[in-house]
Amino acid sequence: MAVANDDPVSSPFDGLLPRRETQALQFVTKYPNYDGSNVLIGILDTGVDPGAAGIRYMKDGTTPKLIDIVDCTGSGDVDITTEKVVEEVDNHQDNVIYYQVKGLSGRLLKLKKSWWKSIPSSKKEEDSGKKEGRLFPPPLPTVKLGIKPAFELFPSSLINRVKAYRKKIFDQECNAYIANVQKELAAWQDKFVAGSKKPTPDDIRTSEDLQAKLDILMDKEWESEDPGMILDCVVFHDGEQYRAVLYGGSDREEEDVEKLQPLAAYSKERQYGTISTVDQYNYGVNFYDDATVLSIVGDCTPHGTHVAAIAAVAEGPDRSGVAPGARIVSIKIGDSRLGSMETTASLARGILTAIRLGCDVINLSYGEGCQVPNAGRVIQLAEELVWRYNIVFVAAVGNNGPALSTVNAPGGMSSCILGVAAYVSPEMMKSEYSLTSNTMTITADDADEDNNRFVGSTYTWSSVGPTADGSNGVCVCAPGGAITSVSNWTMQKSMLMNGTSMASPHACGCVALLLSACKAEGIPISPSRIQRAIENTAKSMPGSSRYQQGWGMVQVEEAYKYLQQMKTVATEDMYFEVYIDNQSGSTRGVYIRQPEESSIVQTFTVCVKPNFKRVDNPDDAAQKDRIDFEMQFAISVTAPWVLAPDTFMLMNNGRNFKIDVDPRKLPHGVHTANVNGHVIGQAGRGPMWSLPITVVKPLEVSRIIEQKNIELKPTEVARFFVVPPPGCTWMDVTVRDCRTIVDDPNASSRLFVLHTVQLIPHAAYRDYAVQKYLNLLPNQTCVTSVPVESGITCEVDLARFWSAAGNVKADLCIEFRGVQPTPTALSMKSGDTFGVVRVESVLMDETINPSAKFTKWRTPIRPKTEGTIKPLGERDILPWNGKKIYQMQLNYEFSQDDKGSFTPIAPALQEILYESTYESQMMMIYDGEKRYLGCVDAYPSAVTASKGSVCIQVQIRHDDPKMLEKLKDMTIWIERKLEKEISLSAYSTREDLLEGKRAMKKRMLRKGLCESVFFTEPSSSKFPSSCKAGDILMGSASYCSGESSLPGDGKRPNGFPILYTVGPKFEKPADPDSVAEPKDERTAKERIDEAVRDLRVEQLGKLTSTEKEKGDFKTLYGELEKEYPQHIPLLMAKVKYLDGLKPREENLPKIVAAADKVLAEISEEALALHFGKKLDKEDPQQVKKNKDMEKQKGFLVDALARQAFAYAEMTTDDAKERFRKTLDALKAWVDIDSNGKYAGLALERDCRAGRHGLALKRINKLLAKTNGKDTGGVRPLTRADLIEKRVKIFEHLGYHGLVKREKAMKLVASPADYKLF
């Protein structure tokens, strides 16, 4: 072991990626071989750019550092189940033989034959050759094809940059087209406007067409509708392994094959590609499930690269990471489809991947507030990773401080994870943030010398413990900021980032240093041993409390010494589970917050259970270790108000003892203690286990609480705990800067942080928290209204932001306000007529002015069919038992009446993530033509869709199919904002409401009195047109006046919830003035015969054009034709049947002939004569005849339209003229320009007349109306049809730039299939 004696020389770069604070720099300098060597770090994050500085290789520039990159989200997955045999192309110019294949984009893709090492022939081909007694010719290889829009991979900021670049190129092309059209328009105007020649109707149409072209070219739609680059994915087996090539990055029709690089799975050769020179987006590939899935692995923000760099970047002695000798595996758990949000599915896959790849330590710089600590599917998997596979798990605790109990899951919530808070040192302030000691003006009151010095502390926003169940929440702290490597696509080498996201990889790097030393020296390794060494040797930092910094700042050298000292102590590998018995959820600590709890002595039963390494089938030796296990502990407490026994003997199955907690004499504030268990005789070893105790002593209950002249030093947090009195529904928190203008007329504003939190059972802290940043000038006052729940302790914090200098003084006033409504949440249903709420003023006289409004509505939908359950692939297998994870997919459909946004809600699965029982709740949303609209998961957001059909696919995962069975018909809700809010009137009495007079007006509600408020039932006339029975209107009700003259909001922010269940719609009765049907003169037999005929014709029309039913139709039609040779509906059924047969071109003459038969049975003269007369609506006979004539007219129009479409597609010499004549005949009955049913014919006419601008304008209007559904009518036009027509017109006009964009748009707007989850 080489040991250097000199301390590392100070460098100006030290603070950019700080390492001195944790002794990491000193440790690596002293022990250069323990720099993380032989340690593999898993970075569970947004992905790591393999091309970023110092990431790909070790400091020698050749040894791989980034050994694998894996996308666990599925956002980079590509379906490659389509297979094709390539064609051989001989390039005579350079005598190189190429292959080519048509990609799924329609492009012809060229492949180099040299990419294959060998091409295996198929068994079928070999057997065929042997049977025929011939030599088997060299086979052509089969490739797998897929397609992926590049923008689905790119982060939003990169998409914006690439779009801006593409827009410049696109605008240049369009400007040339625009100039040509303007030149033609100018020539037309010179001829007909400036000149004397009078334009003909055709000339006018030409002008209109030119103007339409100009409008199309100048349409802003092109800016927003850029589909980006469409990547053709080609996967092949080169004889040894699978490789992938991505085409389309160059955005050229024909890719330069010489520049393409077929990539193997990244771990095989550690090669990566770049999508294009413009974007600089680097990626690798992987293959899954027998190469039916290609995974394109990139990153979705620079966060993951930055995190990896902090842990282990190798970029010279001054800019290296904490453990520069460690190897890295990138495990992407941030989903690109969700803007980098993590999902339970990606986290589960990430943990399984870390196990599969043999990581020694993993880092997770992610987290969310949770409702239940230390619970859920992700936590279960994390415990397996740690306790079964000996992988150390390090995670960020969150950036939600400064209030207590704001730690996130999983970093601050799980006992198996080392949770890290973020610390900022004076050196970091100077080097990273370029702060100076006089960044802020120092007043006379602040003039002492200390005020000009930087003060190290945890960042103000760093989350703080304890957890809701009393555990520490924060284990240790580490530097929470760095300037280091980021992704190349950001177009910069490094970047400043801060957060617990940066502190966690720093601590992870420290763990890697310790693991490197342990491996070299043969010191046993386990997560418990490592975590205990780190916590027992951490350095307590002045100015930060225990729950801000945990055990303190990580100290690598001290932890290393601890590990050396404990090398032979086997019990260091044990994890001791400590919890309180007889408490809800077996809490992991004592947490007293309510005044009733802190005013009495309480006795708690402490359970301690030893845990050995998890094994399913322990051998005899392991069983004997458990049987023989005994440890005797000396118990110590760190506060005099806790009483515990002196000693405690522990055996394998665990034991318990009792402690007394007496907080009665504690002053206001937060108080902490620990009950520690030390091995008897080894007190210097540090505690083997610890039970945290937190007591919050609130101030006495009062309606107004004032705190004057609160002095805050830099980074200091003043914590006040108050109990909202009964009847309180909100509080006004007033903060005043105590400085005066007289003292300092040039004083600048000062930054304060106001943070309030109430802890509500089974609710995340964020749901009952308010945080505001206040910039106050001297004597300035700010009032913040905060909703509160009465009787539950509320923390009110006033803090100085971490970067602020100088001491400050402020006044704080908390005034409790409100009236108490009963019920708190008003629920009404159709037919109630009114809803009544009793409002009571308990605290003081309050001015009330009740109001209520509905702002959104929800519609329930069920799945089309019960969910299908099936096992997932190779990425989703539990390694400890080989059990597969199953998925259930549910499919929902609904219709959008108009373009707008909606939010899909699954109440059973959403608003929870880490604590979720299930492993996925992802929703993929599409329109009716499979265009991807968006994706939501645990925390749903709005998705925008055009008018038409919407499809939602939901994936739920679990390893127990029975758990999935419970949700097979799960209802989800579609939530929309109401275009116009629906307000409810309020009345004082039922009678006033029913009579509709004397609406309730603003009035004073005296203390101790109550009144009833009657809200009217909303009028159904104000409901959205698509609102139906069972839908729910949602909104809020407020009871206090909310006058602008009052401080703060003057009422409870966000009000109280109000719901209304919609009833059935009112069905209007038939018009009493409508004309009665004339008497049916037919005999009973005639009526029955005609009904049977009509039914037979109806069923005949339902036969499809499949091969099986072709014969059925011919036979049945022949029978009916003999009986009813002139029955028009029967003749029309044949036209429609032929119109749907494929191949269509073979049946065009038949369609024309069948339509002629229909037309022969209809007298156009009789129809014209009938419709030329005015209808007598009071004559039953005329009304009946009119209905019959309307039917005949419908058949006539339908037959003419289908005949016209058939002529349009025929290539015979007379087809063009016949199309024109048929179209003229059709136009005599319908306006094909205004009726979308005949849009295809209008487009054909315009194109034949050379009016391409008008045709394009018509297409754009149709595209704006359709949402994946067709235009309706005779030959419906889907979005794909319309875009294809636009492509052909652009090709004809020579608009090559638009052609390229439209081809890409078609692939995005009308894909062949849905996306993979």
Side-chain angles (χ1 to χ4, degrees), residues 19 22 24 27-28 34-45 48 55 65-68 70 304 307-314 321-331 333 347 350-367 381-397 410-411 414-420 475-476 478 500-521 523-535 538 554-556 559-560 562-563 572-573 575 613:
R19 293 178 289 165
T22 55
F27 183 81
V28 172
Y34 299 168
D35 61 350
S37 299
N38 299 318
V39 175
L40 180 60
I41 302 175
I43 303 294
L44 277 68
D45 215 283
V48 177
I55 291 293
K65 171 179 283 290
L66 183 62
I67 68 161
D68 205 352
V70 181
V307 164
I310 291 173
V313 70
V322 176
R327 296 170 299 149
I328 300 170
V329 56
S330 170
I331 302 174
I333 54 92
L347 289 160
I351 290 171
L352 300 183
T353 299
I355 294 171
R356 176 174 58 82
L357 296 179
C359 292
D360 297 294
V361 55
I362 64 171
N363 180 83
L364 179 67
S365 289
Y366 265 81
L381 295 174
E383 289 176 346
E384 293 290 341
L385 173 131
V386 173
W387 306 132
R388 186 185 296 274
Y389 291 95
N390 269 356
I391 300 173
V392 182
F393 197 155
V394 185
V397 298
S414 174
S415 299
C416 70
I417 296 174
L418 184 71
V420 187
C475 299
V476 291
T500 55
S501 286
M502 283 62 246
S504 182
H506 189 116
C508 181
C510 292
V511 170
L513 297 179
L514 296 173
L515 292 174
S516 183
C518 288
K519 288 187 175 185
E521 297 186 12
I523 299 173
I525 295 174
S526 69
S528 295
R529 184 182 290 266
I530 296 297
Q531 184 164 344
R532 192 173 287 117
I534 289 173
E535 291 179 345
V554 176
Q555 300 292 288
V556 176
Y560 169 60
Y562 182 98
L563 290 167
E572 282 291 314
D573 295 319
Y575 161 64
K613 181 180 177 181

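Keep in mind the model is a prediction, meaning the values are calculated, not measured.
Of the listed residues (Ile355, Val361, Val386), just one forms a side chain to side chain contact (heavy atoms under 4.5 Å, CB included) with Ile391, and that residue is Ile355.
Scanning both residues, Ala382 and Ile351, for their nearest heavy atoms gives N-CD1, 3.8 Å. Minimum heavy-atom separation, Asp35 to Ser516: N-OG, 4.0 Å. The two atoms that bring Ala312 and Lys65 nearest to each other are O-NZ, 2.7 Å, heavy atoms only. Nearest heavy atoms, Ile43 versus Gly304: CG2-O, 4.1 Å. The heavy-atom pair separating Ala478 from Ala507 by the smallest distance is CB-N, 4.2 Å. Leu357 and Leu40 get closest at one heavy-atom pair: O-CD2, 3.5 Å.
The CG atom of Leu514 sits 11.5 Å away from atom OH of Tyr34, with the distance rounded to the nearest 0.5 Å. Atom CG of Leu347 and atom CG of Leu364 lie 6.5 Å apart (nearest 0.5 Å). Note: Cys518 SG to Ile530 CD1 = 4.5 Å, rounded to the nearest 0.5 Å. In this structure, the separation between CD1 on Ile362 and CG on Leu44 is 5.0 Å, given to the nearest 0.5 Å. In this structure, CG in Leu513 is found 10.0 Å from SG in Cys508, a value given to the nearest 0.5 Å. In this structure, the separation between CZ on Arg327 and CG on Leu66 is 11.5 Å, given to the nearest 0.5 Å.
A 4.5 Å side-chain heavy-atom check between Asp573 and Pro524 finds at least one atom pair inside the cut-off. Asp360 places a side-chain heavy atom less than 4.5 Å from the side chain of Lys519. Considering only heavy atoms from C-beta on, Leu418 comes within 4.5 Å of Ile534 through its side chain. In this structure, Lys613 and Tyr389 have side chains that are not in contact, with every pair of non-hydrogen atoms separated by 4.5 Å or more. Looking at heavy atoms from C-beta onward, Cys510 lies in side-chain contact with Val322 at the 4.5 angstrom threshold. Contact of the Val329 side chain with the Ile331 side chain is registered, since non-hydrogen atoms from C-beta on lie closer than 4.5 Å. Here the side chains of Pro527 and Asn390 are in contact, with some heavy-atom distance below 4.5 Å.
No donor-acceptor distance shorter than 3.5 angstrom exists from the side chain of Ser504 to the backbone of Ser365, with no hydrogens or angles considered. Counting only distance, with no hydrogens or angles, the side chain of Thr500 and the backbone of Ala503 share no donor-acceptor pair below 3.5 Å. A donor-acceptor pair under 3.5 Å is formed between the side chain of Arg532 and the backbone N or O of Glu572.
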Query raised in the report: Should Phe393 and Ser414 be marked as a side chain to side chain contact (heavy atoms under 4.5 Å, CB included) after you check the CA-CA gap, both sets of side-chain angles, and the distance that decides it?
Result: CA-CA 10 Å; Phe393 197 155; Ser414 174; over 6 Å; no
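Gln531 and Tyr575 form no side-chain donor-acceptor contact under 3.5 Å, judged by distance and modelled atom types alone. Tyr562 and Glu535 share no side-chain donor-acceptor pair at under 3.5 Å.
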